[in-house]
Trainee: 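Let me give you the structure first, and then I'll get to my questions.
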Amino acid sequence: MRYSKLYLPTLKEAPKEAEMVSHQLLIRAGYIRKLSAGIYSFLPLGRRVVRRISTIIREEMDRAGAQEVLLPAVQPAELWKESGRWRFYGPELLRFKDRKDNEFCFGPTHEEVIVDLVRHELRSYRQLPVNLYQIQTKFRDEIRPRAGLMRGREFVMKDAYSFDLDEAGARCSYHQMVDAYNRIFRRCGLDFRAVEADTGNIGGSLSHEFQVLAHSGEDTIVSCSSCDYAANIEKAELTSSSGDAPASAVDGEPKLVSTPGKRTVDEVTAFLGISSDRLVKTLLYNVDGELVAALVRGDHELNEIKLKALLGANEIELAAEARVVEATGAPMGYAGPVGLSCPIVADQAVAAMSGFVVGANRGDHHLLEVCHGRDFSVSRYADLRLAVEGDRCPRCQTGTLAVFRGIEVGHVFFLGTKYSTAMNATVLDENGAEVPMVMGCYGIGVTRIMSAAIEQSHDADGIIWPLPIAPFQVVVLPLNSDQPDVVEAGLQIYEGLQARGVDVLLDDRAERPGRKFKDADLIGVPLRVTIGKRGLAEGHVECKSRGQAEIARVPVEGVVEWVLEQIERENSRFLQ
RNA sequence: CGGGGCGUAGCGCAGCCUGGUUAGCGCGCCUGCCUUGGGAGCAGGAGGUCGCCGGUUCGAAUCCGGCCGCCCCGACCA
């Protein structure tokens, strides 16, 4: 491709709306433009990256035995009513009516459509397993779209759905997808982790997320220092360590102490001169309408997902201030378990404590030397807190957990028969019995990968694409557009590379060198061939990798080989 | 939805508080000259419903009210 013909508007300054690096660079480097909140156009460069990523995904999905389909984006409400999600999906589902007043939605996901497709055709266990996937645009009316492609409303997603006769088969399909995903993200040149994940509202029992490691990631993940355990922090289990041995109550009774104006853990512990692990936080939750108190040690954070699971609740939220005041008889900040009438659950670490500090359910007062069992009773102890750096690994019990930030680029779910049962997608098994197919679903955020790759790989000058997903593999810069020999050499190298199947961008603009360098760095093409008149006079050009400082002087006739070698080397790094 | 901020040329911004000539600046764009190893220089030029609607006023980018859009934090998120 010749730069002079490329629709590639680059910007010197980032639009103020972009805060995150990947967002700024995607706009500045001419990959995307915003149409509306969370809705973007992809310019040629952006389109190329989407295509590169999609190609890798297709190759690996096909290799894993899945087959590509293309499903409708617009879906009739009837299907969603059948699965029950028309009611449960909420405002994130973009709904509208056609001219005949029939209800539709723009698909945020395609379980309903795929089940409908398959239930009419798959009738026998002999036809299973089947795994169908598609790559297409989804729309989710996010509460708050942000960070460009990272959390858009409209986005490109690969979604796959597997159908098996039984659970064992479905598990096999699931693990095939996990393998395929590992290959896909490795081939995309991403530094990522597969982590155990919460299944959220989609349901099911087994789930993994694929998280690209980046400081700016929205998700927090933990991974073990010695075994391969890794999990989203929402999901990370904790076992009670030896330090958490149950404490026995000592004789005595709580002491009421005045703590004027001290509400937060920090304020109270500083005021009393104690460390925060000597205090127990009392959090009042509204659990499906009922009030429940949850206790965690002062230096710990409650994990709401664990609390929700423990209580088997549909909906939990921190109780509103008025409710807290009503239940405790005290202003916010002074809640405590002693004398509370609602059920009390506590983190297992609290079980190991005795003689601790809690709120007194009285304004400006706390209680010292409180013991559970003696001063109040806990209906259940459980693992309720958020994991932190250094916690013992729940799997191997020897390693410790490290905390990372991640960007979720893929998510696989073992669905079971939730949708097949709801929508009556059954086959006959070998005994002639009608059984619901066992499903799995597997998503990859194609456009989000673009953002994630940039978050992970950029510098002050711009993007540094991993070679496998770069819009071009090489950029050729003839620096002096007024020197026929320089222009001619550039053209020869360009054509030579094209002849070998290399995706090459020739900067044939009559721009000054500085601008060509700046643009090349900004758009992030991994390999660069620079042709200057002085070097050319000596028969060489300069070859460089975007992410590295070294410049190799290569004879003009050796450039094509140099590039091919680099591509070969890069690709082998990323599997293939 | 709660909190905060913003909307003036393609992009980044000033002007608004304290109303008053043709609404400025930088980048980009066009023409010419010049220049060609890290976003050059000089000269000339084009480009604006000041987000929208209404109000106050002799007069509104500026003051008031309503609405819309966008960004950030939070809640939320197969």
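Within every chain, numbering begins at 1; the chains are lettered A, B, ... in the order of the sequence lines, protein sequences first and strands thereafter. Heavy-atom basis, side chains included; hydrogens, waters and symmetry copies ignored. These figures come from a predicted structure and were not determined experimentally.
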Trainee: Does a nitrogen or oxygen in the side chain of A:R512 sit under 4.0 Å from OP1 or OP2 of B:rU35?
Mentor: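 No.
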Trainee: Given side chains that start at C-beta, do those of A:I463 and A:Y31 come closer than 4.5 Å, heavy atoms only?
Mentor: yes
Trainee: Atom NE2 of A:H23 and atom C1' of B:rC72: how far apart are they, to the nearest Å?
Mentor: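 After rounding, the gap between these two atoms is 12 Å.
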Trainee: Taking any strand in view, what nucleotide pairs with B:rG2 in a Watson-Crick or G-U wobble way, both distances under 3.5 Å?
Mentor: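 Pair assignment: B:rG2 / B:rC73.
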Trainee: Looking at B:rG10, which nucleotide sits across from it as a Watson-Crick or G-U wobble partner, both distances under 3.5 angstrom, or is there none?
Mentor: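 Its partner is B:rC27.
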Trainee: Hey, does the side-chain of A:D519 have a donor or acceptor N/O within less than 3.5 Å of a partner on the base of B:rG39?
Mentor: yes
Trainee: Whole angstroms only, please: what is the CD-P distance between A:E92 and B:rA75?
Mentor: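 Nearest whole value for this atom pair: 16 Å.
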Trainee: Between A:Y181 and A:F185, how do the two ring planes meet: parallel, tilted or perpendicular, split at 30° and 60°?
Mentor: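 Because their plane-to-plane angle is over 60°, the rings of A:Y181 and A:F185 count as perpendicular.
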Trainee: The side chain of A:E19 is closest to which nucleotide in this list: B:rC72, B:rG38, B:rC70?
Mentor: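 In terms of side-chain proximity for A:E19, the closest of B:rC72, B:rG38, B:rC70 is B:rC72.
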Trainee: Are A:S545 and A:Q566 close enough that some pair of their side-chain heavy atoms sits under 4.5 Å apart?
Mentor: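 Yes, at least one pair of side-chain atoms sits under 4.5 Å.
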Trainee: Within the 4.0 Å heavy-atom criterion, would you say A:E218 contacts the bases, only the backbone, or no part of the nucleic acid?
Mentor: nothing
Trainee: Expressed in angstrom and rounded to an integer, what is the separation of A:D482 atom CG from B:rU35 atom C1'?
Mentor: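 A:D482 atom CG is separated from B:rU35 atom C1' by 9 Å.
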Trainee: Considering every strand shown, what is the Watson-Crick or G-U wobble mate of B:rC58 when both distances are under 3.5 Å?
Mentor: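 Paired with B:rG20.
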Trainee: Any salt bridge between A:D461 and A:R546, counting N to O under 4.0 Å?
Mentor: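 Salt bridge between A:D461 and A:R546, a charged N being under 4.0 Å from a carboxylate O: no.
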Trainee: Are there any protein N/O atoms within less than 3.5 Å of an N/O atom in nucleotides 5-11 of chain B, and if so, which ones and at what distance?
Mentor:
unit_1: B:rC6; atom_1: O2'; unit_2: A:K16; atom_2: NZ; d: 2.6

Trainee: Of all the choices, B:rU36, B:rC71, B:rA75, which nucleotide is nearest to the side chain of A:S481 once you look at every atom?
Mentor: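 Of the candidates, B:rU36 comes closest.
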Trainee: Side-chain donor-acceptor pairs under 3.5 Å in residues 211-219 of chain A, sequence neighbours left out?
Mentor:
unit_1: A:Q211; atom_1: OE1; unit_2: A:I407; atom_2: N; d: 3.2
unit_1: A:Q211; atom_1: OE1; unit_2: A:E408; atom_2: N; d: 3.2
unit_1: A:Q211; atom_1: NE2; unit_2: A:E209; atom_2: OE1; d: 2.8
unit_1: A:Q211; atom_1: NE2; unit_2: A:D219; atom_2: OD2; d: 3.0
unit_1: A:S216; atom_1: OG; unit_2: A:E455; atom_2: OE1; d: 2.5
unit_1: A:E218; atom_1: OE1; unit_2: A:R151; atom_2: NH1; d: 3.2

Trainee: B:rC72, OP1 or OP2 - any side-chain N/O from A:R146 closer than 4.0 Å?
Mentor: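 No.
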Trainee: For a quick check of understanding: with a heavy-atom distance under 4.0 Å over all strands, which category does A:D159 fall into, base, sugar-phosphate or nothing?
Mentor: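 Here A:D159 touches no strand at all.
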Trainee: Between B:rG10 and B:rC52, how far is it from one P atom to the other, in whole Å?
Mentor: 13 Å
Trainee: Do A:F210 and A:L190 touch side chain to side chain, with heavy atoms closer than 4.5 Å?
Mentor: no
Trainee: On RNA chain B, check which nucleotide each of A:T530 and A:E17 is closest to and give me the residue with the more 5' one.
Mentor: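 Comparing both residues, the 5'-ward one is A:T530.
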Trainee: I want to confirm an ordering. Mapping A:L522 and A:Y89 to their closest nucleotides on RNA chain B, which one lands closer to the 5' end?
Mentor: A:L522
Trainee: Picking from B:rU36, B:rG38, B:rC71, which would you name as closest to the side chain of A:R528?
Mentor: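 Selected nucleotide (nearest to the side chain): B:rG38.
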Trainee: Can we say A:K418 and A:E111 salt-bridge, meaning some charged N sits less than 4.0 Å from an Asp/Glu carboxylate O?
Mentor: no
Trainee: Within this structure, what is the CD-to-P distance between A:Q24 and B:rG12, rounded to whole angstrom?
Mentor: 11 Å
Trainee: For a quick check of understanding: with a heavy-atom distance under 4.0 Å over all strands, which category does A:Q483 fall into, base, sugar-phosphate or nothing?
Mentor: nothing
Trainee: Quickly work out the A:E511 CD to B:rC29 P distance and round it to whole Å.
Mentor: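 Taking atom P of B:rC29 as the reference, CD of A:E511 is at 7 Å.
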Trainee: Taking only the side-chain heavy atoms of A:R144 (C-beta and beyond), determine which of B:rG37, B:rC71, B:rA75 contains the nearest atom.
Mentor: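 Nucleotide nearest to A:R144's side chain: B:rA75.
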Trainee: Measure the distance from CD on A:E142 to C1' on B:rG74 and round it to the nearest whole Å.
Mentor: 15 Å
Trainee: Set out, in order, the CA-CA distance, both residues' side-chain angles and the distance that settles salt bridge (charged side-chain N to carboxylate O under 4.0 Å, His left out) for A:E167 and A:R171, then state yes or no.
Mentor: CA-CA 6 Å; A:E167 185 142 325; A:R171 281 181 186 278; 3.4 Å; yes
Trainee: Any strand counts, and the cut-off is 3.5 Å on both contacts for Watson-Crick or G-U wobble. Which nucleotide pairs with B:rC34?
Mentor: none
Trainee: Roughly how many Å apart are B:rC53 and B:rG5, using the P atom of each and rounding to a whole number?
Mentor: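 Comparing P positions in B:rG5 and B:rC53 gives a spacing of 26 Å.
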Trainee: What integer distance in Å separates A:K533:NZ from B:rU36:P?
Mentor: 6 Å
Trainee: Expressed as a whole number of Å, how far does the C1' atom of B:rA43 sit from that of B:rA61?
Mentor: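 The answer is 32 Å between these two C1' atoms.
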Trainee: Counting the atoms with a prime plus P, OP1 and OP2 as sugar-phosphate, which does A:A520 contact under 4.0 Å by heavy atoms, base, sugar-phosphate, or nothing?
Mentor: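 Contact class for A:A520: none.
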Trainee: Take atom P in B:rC17 and the same atom in B:rC6, then report the distance between them in whole Å.
Mentor: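 That atom pair is separated by 15 Å.
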Trainee: I'd like the C1' distance from B:rG15 over to B:rU22, given in whole Å.
Mentor: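 Between the two C1' atoms, the distance is 16 Å.
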Trainee: Can you tell me how far C1' in B:rG55 sits from the matching atom in B:rG19, rounded to whole Å?
Mentor: 15 Å
Trainee: Regarding A:P9, tell me which of base, sugar-phosphate or nothing describes its non-hydrogen contacts under 4.0 Å with the strands shown.
Mentor: nothing
Trainee: What integer number of Å spans the P atoms of B:rU8 and B:rG4?
Mentor: 22 Å
Trainee: Determine all donor-acceptor pairs shorter than 3.5 Å in which one atom belongs to a side chain in residues 34-44 of chain A; sequence neighbours excluded.
Mentor:
unit_1: A:K34; atom_1: NZ; unit_2: A:E17; atom_2: OE1; d: 3.0
unit_1: A:Y40; atom_1: OH; unit_2: A:H23; atom_2: NE2; d: 3.2

Trainee: By the 4.0 Å heavy-atom rule, please label A:D461 as base, sugar-phosphate, or nothing.
Mentor: nothing
Trainee: Considering only the P atoms, how many Å lie between B:rG7 and B:rU21, rounded to the nearest integer?
Mentor: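 Nearest-Å result for B:rG7 against B:rU21 at atom P: 22 Å.
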Trainee: Specify whether A:Y174 and A:H208 have parallel, tilted or perpendicular ring planes, treating 30° as the upper limit for parallel and 60° as the lower limit for perpendicular.
Mentor: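 A:Y174 and A:H208: tilted rings.
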Trainee: For B:rG69, does either OP1 or OP2 sit under 4.0 Å from a side-chain N or O belonging to A:S36?
Mentor: no
Trainee: Looking at every strand, decide which applies to A:R28 at a 4.0 Å heavy-atom threshold: base, sugar-phosphate, or nothing.
Mentor: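 Base contact - A:R28 has a heavy atom under 4.0 Å of at least one base atom.
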Trainee: Compare the minimum distances between each of B:rC70, B:rC73, B:rA40 and the side chain of A:K34, then state the nucleotide with the smallest one.
Mentor: B:rC70
Trainee: Please state how far atom CG in A:D521 lies from atom P in B:rG37, giving the value in whole angstrom units.
Mentor: 17 Å
Trainee: Applying salt bridge (Lys or Arg N to Asp or Glu O under 4.0 Å) between A:D508 and each of A:R2, A:K5, A:K516, report the one that passes.
Mentor: A:R2
